[in-house]
> 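Attaching a single structure in structure tokens format; questions to follow.
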Amino acid sequence: MALPARVYLNGEYLPAGSARISVFDRGFVFGDGVYEVIPVYGGRPFRLTHHLQRLDASLASVRIPNPLNPGQWHDIFRELIAEHGAVDQSIYLEITRGAAPRDHAFPAAVTPTVFAYSQPLAYPAPEQIRSGVHAITVADIRWTRCDIKAIALLANVLMRQTAVESGCAEAILIRDDRITEGAASNIFIVSGGSLATPPKGPFILPGITRDLVIELARDHGIPCSERDILRSELFAADEVWMTSSTKEILPIVRIDDRDIGGGRPGPALQRMLELYQDYKHALRKGHAE
Ligand code: PDD
């Protein structure tokens with residue numbers, strides 16, 4: 001995927017090649033910052049209120065004040081989105097604690113760095129949606145604040161790379177014999193027509209896509225529970241899905257070389273994809289957020 005042409009950095013819109021941050025930025029030196037990824041359909045950001053709330057929660061957890069109010073964020077998004085017209089996009093935004101002499105403890109006075117851009121949304125290949133993707137299980141090697149959308153993603157990078165080197169699209173993370181989430185997604189299982197996904201807490205990112213899938217299930221009479229899921233339940237499930245802002249909902253049909261649900265996407269996924277598309281359609285028309 002090509003780099004975006006224009007970015008927002010600290011109050012300015014700049015050609016990407018001219019945007020500069022300090023080599024002493026704590027995001028660069030310590031990974032001291034947070035981020036969001038927000039899909040945009042028909043020019044409208046998807047679940048913007050939820051994304052800005054999660055951003056506020058991440059910022060509060062790492063004690064960086066939000067440098068911008070919601071109106072200012074909206075203005076930046078409008079400007080970045082307009083550049084690509086009506087094509088579906090994803091906004092990336094990042095806030096770091098800012099530039100200061102290297103010391104682990106917070107600097108006394110520092111101005112956060114604010115960076116954002118929008119680019120055309122890279123949808124999964126239609127074949128991945130039609131036929132499903134493969135995954136592996138790996139030990140979840142992360143810390144106990146996975147609920148913060150932190151830019152320090154080294155563990156996630158290593159776990160995803162292990163999946164890619166095994167010819168798989170995602171790594172499903174296991175902690176104490178239970179599923180937490182994917183390296184960059186949340187995980188659902190379907191058993192006997194019921195959905196289940198691990199509960200919110202310190203071990204998963206509270207995904208915005210995950211929340212919508214739960215909401216759509218509840219609104220349409222599909223049983224759905226947030227509960228601990230044992231690793232063994234993955235292999236016994238009728239269907240396994242991964243969800244994220246950029247992948248939406250993808251079926252996982254093979255895990256650790258074992259077929260799930262006969263190795264094909266199942267009927268519950270078809271139903272949820274319809275509900276999800278309906279929701280996006282309503283959003284494009286301005287009837288949903
Ligand atoms: N990642 N869990 C992790 C660890 C993630 O990185 C992501 C998303 C999710 C799903 O969250 P949401 O539905 O809000 O996108 C769960 C983004 C897309 C990324 O890092 O690119």
Side-chain angles (χ1 to χ4, degrees), residues 1 3-4 27 31 33-41 45-58 61 88-95 115-124 128 133 135 137-164 169-175 178-189 195 197-217 226 229 240-250 252 272-273 276 279-280 283 289:
M1 152 107 25
L3 291 176
V34 302
Y35 77 108
E36 277 294 324
V37 177
I38 310 170
V40 178
Y41 300 109
F46 172 85
R47 305 224 120 187
L48 186 53
T49 312
H50 298 73
H51 279 281
L52 290 179
Q53 275 168 1
R54 185 173 66 184
L55 176 66
D56 279 336
S58 294
S61 296
D88 293 346
Q89 305 173 34
S90 66
I91 294 167
Y92 176 86
L93 74 87
E94 172 174 329
I95 302 166
F115 170 55
Y117 62 84
S118 190
Q119 64 185 0
L121 188 57
Y123 276 111
Q128 291 192 313
V133 298
T137 57
V138 301
D140 191 342
I141 56 173
R142 299 172 303 165
W143 64 339
T144 53
R145 287 309 307 273
C146 302
D147 54 315
I148 302 172
K149 200 159 171 64
I151 59 169
L153 287 172
L154 188 53
N156 304 64
V157 165
L158 293 175
M159 294 184 296
R160 172 62 74 80
Q161 185 61 21
T162 303
V164 168
E170 185 56 305
I172 300 176
L173 316 184
I174 309 293
R175 191 188 285 262
R178 288 167 177 76
I179 304 165
T180 54
E181 58 183 337
S185 61
N186 293 111
I187 301 292
F188 284 78
I189 64 167
L195 307 187
T197 192
K200 285 184 183 172
F203 300 122
I204 72 162
L205 183 80
I208 306 298
T209 320
R210 170 191 181 279
D211 279 352
L212 179 58
V213 167
I214 293 171
E215 234 178 86
L216 291 173
E226 296 172 72
I229 299 172
V240 176
W241 310 340
M242 58 186 273
T243 65
S244 83
S245 293
T246 46
K247 304 276 193 262
E248 301 184 347
I249 313 166
L250 273 184
I252 297 175
M272 187 52 73
L273 283 176
Y276 203 83
Y279 186 91
K280 280 167 56 181
L283 171 70
E289 210 233 342

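Atoms within each ligand, like the ligands themselves, are counted from 1 in listed order.
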> Return the minimal non-hydrogen interatomic distance between R160 and A184, and the atom names on each side.
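For R160 versus A184, the nearest heavy atoms are NH2-CB, 3.6 Å.
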
> Just need the protein heavy atom nearest to atom 18 (C) of ligand 1, so name the residue and atom and give the distance.
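Its nearest protein heavy-atom neighbour is T246 OG1, 3.9 Å.
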
> Nearest to atom 1 (N) of ligand 1, what protein heavy atom do you find, and at what distance?
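Of every protein heavy atom, K149 NZ, 3.4 Å lies nearest to atom 1 (N) of ligand 1.
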
> Atom NZ in K200, atom CG in D147: separation rounded to 0.5 Å?
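With rounding to 0.5 Å, NZ (K200) is 10.5 Å from CG (D147).
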
> Considering S245, P39, G207 one by one, which has a heavy atom nearer to atom 15 (O) of ligand 1 than any of the others?
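Selected option, by shortest heavy-atom distance: S245.
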
> Please confirm whether the backbone N or O of S245 pairs with a side-chain atom of T209, one donor and one acceptor, at under 3.5 Å?
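Yes, the answer is positive, given that a donor and an acceptor are paired below the 3.5 Å cut-off.
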
> Tell me which protein heavy atom sits closest to atom 6 (O) of ligand 1, plus the residue, atom name and distance to 0.1 Å.
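Result: A184 CA, 3.4 Å.
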
> Is the contact between N156 and ligand 1 made by the side chain, the backbone, both, or neither, using heavy atoms and a 4.0 Å cut-off?
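Looking at N156 and ligand 1, just side chain atoms fall under 4.0 Å.
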
> Quick one: sort the Y41 and F46 rings into parallel, tilted or perpendicular, breaks at 30° and 60°.
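Aromatic pair Y41/F46 classed perpendicular.
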
> Considering only non-hydrogen protein atoms, determine which one is nearest to atom 20 (O) of ligand 1 and report residue, atom name and distance to 0.1 Å.
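Answer for atom 20 (O) of ligand 1: Y35 OH, 2.6 Å.
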
> Is R54 close to ligand 1, meaning an N/O of one under 3.5 Å from an N/O of the other?
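N/O-N/O distance under 3.5 Å: yes.
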
> With backbone taken as N, CA, C and O and side chain as the heavy atoms from C-beta onward, which portion of C146 lies under 4.0 Å from ligand 1: side chain, backbone, both, or neither?
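No part of C146 is near ligand 1 at this cut-off.
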
> Any non-hydrogen side-chain atom of V240 less than 4.5 Å from a side-chain atom of I189?
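When only atoms from C-beta onward are counted, I189 and V240 do touch, with a gap below 4.5 Å.
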
> Applying a 4.0 Å heavy-atom criterion (strictly less than), which segment of N186 is in contact with ligand 1: side chain, backbone, both, or neither?
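For N186, the contact with ligand 1 is made by both the backbone and the side chain.
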
> Quick one: pull up CZ in R54 and CD1 in I38 and give me the separation to the nearest 0.5 Å.
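Going from CZ on R54 over to CD1 on I38, the span is 8.5 Å.
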
> Any carboxylate oxygen within less than 4.0 angstrom of a Lys/Arg side-chain nitrogen, looking at K247 and E170?
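The answer is no: the pair does not qualify as a salt bridge.
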
> Return yes or no for this condition: an N or O of T209 is under 3.5 Å from an N or O of ligand 1.
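Looking only at distances, the answer is yes, because the N/O contact criterion of under 3.5 Å is met.
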
> Checking E94 side chain against G33 main chain: does a donor-acceptor pair fall under 3.5 Å?
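Checking the backbone N and O of G33 against the side chain of E94, no donor-acceptor pair under 3.5 Å is found.
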
> Would you check whether V37 has a nitrogen or oxygen atom less than 3.5 angstrom from a nitrogen or oxygen atom of ligand 1?
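No, there is no polar N/O contact under 3.5 Å.
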
> Who's the nearest protein heavy-atom neighbour of atom 2 (N) of ligand 1, and how far?
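Looking at atom 2 (N) of ligand 1, the protein heavy atom closest to it is E181 OE1, 2.6 Å.
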
> Looking at A183, which atoms of ligand 1 are within less than 4.0 Å of one of its heavy atoms?
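Going through ligand 1 atom by atom, the ones under 4.0 Å from A183 are 4 (C).
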
> Looking at L52, is its backbone amide N or carbonyl O close enough to the side chain of E36 to form a donor-acceptor pair, meaning the two atoms are under 3.5 Å apart?
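Looks like no, no N/O pair under 3.5 Å.
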
